[in-house]
There are 2 protein chains.
Amino acid sequence: FQKPVKPVKAEFTQSQKNRILSLLGPGEMVSFSKEKRSFAELESALMSQRKKDIREMYENSRENLLGKLERTITEFFVDMGFLEVKSPILIPFEYMERMGVGEDKKLSEQIFRVGDNMCLRPMLAPGLYNHLRKFDNVLPDPVRIFEIGPCYRKESDGNSHLEEFTMLNFCQMGSRCTKEELEFLIGEFLDFLGIEYEIVPDSCMVYGATMDVMYKNMELSSAVVGPIPMDMDWGIDKPWIGAGFGLERLLKAKHNYKNIKRAARSESYYNGICTTL
Amino acid sequence: FQKPVKPVKAEFTQSQKNRILSLLGPGEMVSFSKEKRSFAELESALMSQRKKDIREMYENSRENLLGKLERTITEFFVDMGFLEVKSPILIPFEYMERMGVGEDKKLSEQIFRVGDNMCLRPMLAPGLYNHLRKFDNVLPDPVRIFEIGPCYRKESDGNSHLEEFTMLNFCQMGSRCTKEELEFLIGEFLDFLGIEYEIVPDSCMVYGATMDVMYKNMELSSAVVGPIPMDMDWGIDKPWIGAGFGLERLLKAKHNYKNIKRAARSESYYNGICTTL
Ligand SMILES: Nc1ncnc2c1ncn2[C@@H]1O[C@H](COP(=O)(O)OP(=O)(O)OP(=O)(O)O)[C@@H](O)[C@H]1O
Ligand SMILES: Nc1ncnc2c1ncn2[C@@H]1O[C@H](COP(=O)(O)OP(=O)(O)OP(=O)(O)O)[C@@H](O)[C@H]1O
Ligand SMILES: [Mg+2]
Ligand SMILES: [Mg+2]
Ligand SMILES: [Mg+2]
Ligand SMILES: [Mg+2]
């Protein structure tokens with residue numbers, strides 16, 4: 001007897017699988033075990049589809065999703081009475097020491113240093129602290145400000161971390177700085193974006209107790225009810241509340257991306273669509 | 001005889017003069033030689049006025065001028081049929097070598113290095129080259145794209161240079177890439193912003209011949225009619241035109257600021273108004 005020989009299907013290599021995964025549309029799935037086409041056939045079919053997608057975008061809107069989300073959020077917070085600020089991205093490393101993230105601290109390893117004294121901001125808090133201090137006794141109580149812009153952190157793990165990302169941080173100082181007001185603002189904001197969420201207590205090195213805003217297993221935001229001891233080092237002596245959201249994580253949640261890279265400043269994806277075609 | 005003693009007016013020190021100058025409103029002037037008030041009186045009067053200005057802004061708009069200009073320009077170019085792109089700000093230093101600004105070149109001294117292999121982009125060209133190459137044969141001819149975002153250069157001189165500034169770069173590749181089309185686009189754009197200008201021929205190390213767009217003695221933009229030899233290194237083999245504008249210079253021209261710092265990402269000025277009050 002001879003066993004009947006099943007035709008051995010050539011398996012895709014890992015790099016072929018990665019290429020195919022990058023070529024999928026945002027919601028799309030592929031089952032490599034059931035795939036009947038050769039790599040070349042499948043790749044070529046997906047490439048045609050993605051070219052069509054990009055042409056359709058160019059036909060219909062021409063707005064970049066990250067830029068557009070920044071504009072949408074800006075309008076929301078301006079309408080809610082928050083003042084739009086734009087602080088430096090390249091900041092003195094001394095600010096980090098004042099944030100409690102000096103060279104001796106583990107978190108400081110995440111910071112991109114620039115020259116001897118500067119660094120790329122890993123968060124918006126220093127700029128917002130400075131603005132709050134300067135606007136205190138100038139603007140009516142409570143002072144409400146927000147910023148949206150690039151932040152930088154060295155990261156190792158994958159699907160929800162970028163080294164270059166875009167943060168939103170809004171805050172309020174003075175009257176009505178309660179947990180309830182903070183939860184209300186977060187709720188209004190995420191309802192406006194149409195993103196489901198859950199708030200869970202957490203803690204971090206910089207702020208102590210935080211309220212983390214989760215979408216499934218992904219942190220969308222850490223929010224804080226001040227005051228906290230560090231305020232003194234920034235010349236702040238009033239109650240405050242604030243929250244920081246990653247815009248690329250909001251896009252990942254909204255568009256169901258598997259990997260946050262699709263939402264990033266990128267030369268590999270445009271509006272979540274692979275551009276290596 | 002004794003000469004009659006004129007009361008000697010105490011002159012302001014240089015740092016007092018600088019403080020007063022920073023406290024002036026955008027159009028305002030002061031003549032130190034005719035000023036009758038003491039430094040303390042003058043400073044306090046100007047501080048009250050600036051607090052009023054900031055309160056009025058908070059009452060009336062809450063939009064940041066730099067952010068708002070980015071949005072206004074974005075809308076203009078999207079309406080003109082250009083695709084909005086957002087590329088990385090932190091880029092491989094290798095891109096600079098490919099732009100002809102390797103370590104042996106004088107211009108490379110202006111670049112902020114980050115770690116061994118990365119740098120802060122001093123221009124938007126590398127990201128736009130990569131997008132043009134990827135969109136070629138995907139988007140209909142001519143391909144039109146633009147980007148607005150932070151750029152970084154080490155600078156020494158003063159009134160029109162920032163180390164952190166915001167660039168707009170628009171470009172077109174394929175058909176109709178003529179000097180006339182480029183001049184038309186520049187004209188439409190600056191008419192839209194309501195800024196007078198003049199175009200003068202110039203040249204630079206990176207691009208060779210350029211058309212420089214001037215507002216009085218200040219360069220608003222360098223514009224280029226391709227193709228140029230460097231295109232090959234970026235995989236581009238079609239005609240193109242493009243221009244880069246500094247947004248803070250546009251604000252300086254528009255609002256008649258003496259110093260560009262008033263228009264920058266800053267903790268010292270908000271919408272051109274001093275915040276050290
Ligand atoms: N590397 C990153 N890439 C993308 N977004 C980020 C990154 N780090 C932080 N964010 C976003 O900024 C928000 C506020 O920053 P925060 O310092 O709380 O992050 P984090 O607690 O370090 O997040 P994680 O635990 O996921 O690393 C986060 O909730 C997230 O949405
Ligand atoms: N350091 C800077 N600060 C603010 N804007 C700048 C700076 N450098 C360049 N720009 C803006 O970007 C535009 C395009 O950049 P380009 O490389 O042509 O500048 P440049 O020729 O070096 O300008 P300049 O001769 O004034 O230094 C300039 O016309 C200007 O509007
Ligand atoms: Mg983290
Ligand atoms: Mg957190
Ligand atoms: Mg220069
Ligand atoms: Mg120039």
Side-chain angles (χ1 to χ4, degrees), chain A residues 50-51 54-55 57-59 61-68 70-71 74-75 77-79 81-91 112-115 118 120 126-127 130-131 134-135 137-140 143-145 147-150 152 154 163-164 166 264-268 270 275-277, chain B residues 50-51 54-55 57-59 61-68 70-71 74-75 77-79 81-91 112-115 118 120 126-127 130-131 134-135 137-140 143-145 147-150 152 154 163-164 166 264-268 270 275-277:
Chain A
R50 295 299 81 85
K51 286 182 189 177
I54 289 184
R55 270 184 222 124
M57 262 171 211
Y58 194 66
E59 214 49 65
S61 124
R62 306 203 185 181
E63 285 186 86
N64 177 281
L65 286 181
L66 187 58
K68 190 176 171 173
E70 177 174 336
R71 293 188 286 277
T74 296
E75 204 184 334
F77 280 101
V78 166
D79 286 348
F82 289 76
L83 185 78
E84 181 191 15
V85 310
K86 294 287 182 196
S87 318
I89 298 163
L90 183 59
I91 62 173
F112 285 95
R113 303 290 296 254
V114 180
M118 305 292 283
L120 295 174
N130 285 334
H131 275 92
K134 286 170 169 240
F135 288 146
N137 299 319
V138 174
L139 295 182
V143 173
R144 291 183 141 189
I145 64 177
E147 177 160 4
I148 303 177
Y152 295 83
K154 297 184 187 175
E163 298 210 312
E164 174 171 63
T166 311
R265 285 181 173 272
S266 169
E267 297 175 331
S268 307
Y270 185 82
T275 54
T276 306
L277 304 173
Chain B
R50 297 297 82 85
K51 285 184 190 176
I54 291 184
R55 270 182 221 124
M57 264 172 210
Y58 194 67
E59 213 49 66
S61 123
R62 307 205 184 180
E63 284 186 86
N64 178 281
L65 286 181
L66 187 59
K68 188 174 172 177
E70 176 174 337
R71 292 188 286 277
T74 297
E75 204 183 334
F77 280 100
V78 166
D79 286 349
F82 289 75
L83 186 78
E84 179 192 16
V85 310
K86 294 285 182 198
S87 318
I89 298 164
L90 183 59
I91 63 174
F112 286 95
R113 304 288 300 254
V114 181
M118 304 295 280
L120 295 175
N130 285 333
H131 275 93
K134 287 171 170 238
F135 288 145
N137 299 319
V138 175
L139 295 182
V143 174
R144 291 184 141 189
I145 64 176
E147 176 159 5
I148 302 175
Y152 295 82
K154 297 183 187 176
E163 298 210 312
E164 174 171 64
T166 313
R265 286 181 172 273
S266 169
E267 296 175 332
S268 307
Y270 185 82
T275 54
T276 307
L277 303 174

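All values below were derived from every heavy atom in this structure, side-chain atoms included, with hydrogens, water molecules and symmetry-related copies excluded. Source: prediction; values computed, not measured. Naming: A, B, ... by sequence-line order, numbering from 1 per chain.
Looking at Thr275(A), its side chain never comes within 3.5 Å of a backbone N or O of Tyr270(A) through a donor-acceptor pair. Side-chain N or O atoms of Lys86(B) include none that pairs as donor or acceptor with a backbone N or O of Ala264(A) at under 3.5 Å. Not a single donor-acceptor pair under 3.5 Å links the side chain of Glu147(B) to the backbone N or O of Glu84(B).
With sequence neighbours excluded, no residue forms a salt bridge (charged side-chain N to carboxylate O under 4.0 Å, His left out) with Glu164(B). With sequence neighbours excluded, no residue forms a salt bridge (charged side-chain N to carboxylate O under 4.0 Å, His left out) with Arg55(B).
Top candidate by heavy-atom pairs under 4.5 Å with chain A, chosen from Ile54(B), Leu277(B), Ile89(B), Leu90(B), is Ile89(B). Top candidate by heavy-atom pairs under 4.5 Å with chain A, chosen from Tyr152(B), Tyr58(B), Phe82(B), is Tyr58(B). Contact count versus chain A (heavy atoms, under 4.5 Å) is highest, among Asn130(B), Val114(B), Leu139(B), for Leu139(B). Residue with the most contacts toward chain A among Gly115(B), Pro88(B), Ser266(B): Pro88(B) (heavy-atom pairs, distance under 4.5 Å). No other option in Pro140(B), Pro150(B), Ser61(B), Gly81(B) has as many heavy-atom pairs under 4.5 Å with chain A as Gly81(B). Heavy-atom pairs under 4.5 Å with chain B peak, among Leu66(A), Leu65(A), Val85(A), at Val85(A). Of the listed residues (Lys68(B), Lys51(B), Glu75(B), Glu267(B)), the one with the most heavy-atom contacts under 4.5 Å to chain A is Glu267(B).
For the atom pair CZ (Arg265(A)) and OG1 (Thr166(A)), the distance works out to 6.0 Å, reported to the nearest 0.5 Å.
Between Arg71(A) and Glu70(B), none of the side-chain N atoms (NZ, or NE/NH1/NH2) sits under 4.0 Å from a carboxylate O, so this pair counts as no salt bridge.
For Arg144(B), the parts lying near chain A are the backbone and the side chain together; criterion is any non-hydrogen pair under 4.5 Å. Only the side chain of Leu120(B) comes within contact range of chain A, judged by heavy atoms closer than 4.5 Å.
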